[in-house]
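Residue numbers start at 1 and run along the sequence shown. Computation of the quantities below employed the complete heavy-atom set of this structure, encompassing side-chain atoms and omitting hydrogens, waters and symmetry-equivalent molecules.
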Amino acid sequence: QVQLVESGGGLVQAGGSLRLSCAASGRTFSRYTMGWFRQGPGKERDFVAGISGRDGNTYYADSVKGRFTISRDNDKNTVYLQMNSLKPEDTAVYYCGALASTVVVTTSRSYEYWGQGTQVTVSS
C-alpha cells in the first residue's frame, strides 16, 4: 500500500513558476514509477511527466517539454514537478500516481495509487 500526498499548487501569473511535491509512504518507493497527471474541468486525466524507479528515466508530454522537469529523491520518498513558463492552459488539478513498474507508463488507468490532487491556476 502506498499513500501519496501532493503539495505546492497555487495561483500564479502566466510566465511564472511553481514546484509541486508528492510525498509517498512506504519503504519501497524506489521500486515505483511515478507520474504526474492533470485534469481540467470536464476533461480526462492527462499524462504530464513520469520518472522510473531506480534508474530515473524521464518522459514528458509534448505540451510541457522544455518547461517542466520531473525529479525524485528516493531517500525522501518524494517526487517533484518543477513547472516554469506557465501558461493559462496549464490550469488544472495536478495528481501524482504510483505504479509498480520499471518503465514510465502514460495511461492513467495503469497507475495503482493516487494522491488527492493539488490545484494549479495560471492567470493571463
Side-chain angles (χ1 to χ4, degrees):
Q1 188 75 11
V2 176
Q3 292 183 328
L4 304 173
V5 179
E6 301 100 334
S7 61
L11 173 64
V12 64
Q13 289 187 334
S17 298
L18 284 173
R19 188 176 83 153
L20 306 183
S21 299
C22 174
S25 65
R27 301 180 180 178
T28 58
F29 176 73
S30 63
R31 299 181 184 178
Y32 286 84
T33 282
M34 301 298 295
W36 283 100
F37 290 75
R38 64 188 180 188
Q39 188 167 18
K43 297 183 178 180
E44 295 184 350
R45 190 170 294 188
D46 293 329
F47 174 80
V48 174
I51 186 166
S52 60
R54 289 187 175 89
D55 55 13
N57 289 330
T58 59
Y59 189 77
Y60 297 91
D62 288 343
S63 59
V64 306
K65 280 182 182 176
R67 299 189 298 124
F68 291 11
T69 302
I70 188 170
S71 62
R72 67 190 296 159
D73 186 334
N74 287 339
D75 291 334
K76 296 182 178 179
N77 282 14
T78 302
V79 62
Y80 305 96
L81 185 68
Q82 177 66 44
M83 304 186 296
N84 299 328
S85 303
L86 283 161
K87 305 175 181 180
E89 51 264 43
D90 294 319
T91 295
V93 178
Y94 282 69
Y95 297 90
C96 70
L99 169 65
S101 170
T102 58
V103 297
V104 175
V105 176
T106 62
T107 52
S108 61
R109 62 180 179 272
S110 298
Y111 283 72
E112 301 163 83
Y113 304 101
W114 292 97
Q116 83 288 350
T118 185
Q119 176 71 46
V120 171
T121 303
V122 184
S123 63
S124 58

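- None of Asp73, Thr78, Asn77 except one satisfies the side-chain contact (heavy atoms from CB on, under 4.5 Å) rule with Asp75; the exception is Asp73.
- When hydrophobic clusters are built by joining Ile, Leu, Val, Met, Phe, Trp and Tyr residues whose side-chain heavy atoms come closer than 4.5 Å, directly or via intermediates, Leu18 is grouped together with Trp36.
- When every heavy atom of Ser17 is checked against every heavy atom of Ser85, the shortest pair comes out as OG-N, 4.4 Å.
- The hydrophobic clustering, which links ILVMFWY residues whose side-chain heavy atoms are closer than 4.5 Å, places Val105 and Ile51 apart.
- Here the shortest heavy-atom pairing between Val104 and Ser52 reads CG2-N, 3.7 Å.
- Side chain of Gln39 to main chain of Ala92: no donor-acceptor pair is present (N/O by atom type, distance under 3.5 Å, no hydrogens or angles).
- Between atom CD of residue Gln1 and atom OG1 of residue Thr28 there is a gap of 11.0 Å, rounded to the nearest 0.5 Å.
- Counting heavy atoms from C-beta on, the side chains of Arg38 and Ser63 come closer than 4.5 Å.
- A donor-acceptor distance shorter than 3.5 angstrom exists from the side chain of Ser25 to the backbone of Gln3, with no hydrogens or angles considered.
- Annotation: cation-pi geometry satisfied between Arg72 and Phe29 (NZ/CZ under 6.0 angstrom from ring centroid, within 45° of ring axis).
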**Prompt:** Checking salt bridge (Lys or Arg N to Asp or Glu O under 4.0 Å) for the pair Asp62/Lys65: CA distance, chi angles, key distance, verdict?
**Reply:** CA-CA 5 Å; Asp62 288 343; Lys65 280 182 182 176; 3.2 Å; yes
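- Grouping the Ile, Leu, Val, Met, Phe, Trp and Tyr side chains by contacts below 4.5 angstrom, directly or via other members, places Val93 apart from Leu86.
- Between Tyr111 and Phe37, the ring-plane angle classifies as perpendicular under the 30° and 60° cut-offs.
- Here CG of Leu99 is found 11.5 Å from OG of Ser108. Values are rounded to the nearest 0.5 Å.
- In this structure, Tyr94 and Leu20 approach most closely via the heavy-atom pair CB-CD1, 3.6 Å.
- Looking at Leu4 and Tyr95, their side chains never come closer than 4.5 Å, going by heavy atoms from C-beta outward.
- No donor-acceptor pair under 3.5 Å is formed between the side chain of Gln13 and the backbone N or O of Ser123.
- The two residues Ile70 and Thr58 have their closest heavy-atom pair at CG2-CG2, 3.7 Å.
- For the pair Glu6 and Gln116, the minimum side-chain heavy-atom distance is below 4.5 Å.
- At a threshold of 4.5 Å between side-chain heavy atoms, the hydrophobic network of Ile, Leu, Val, Met, Phe, Trp and Tyr places Phe47 and Val79 in two separate groups.
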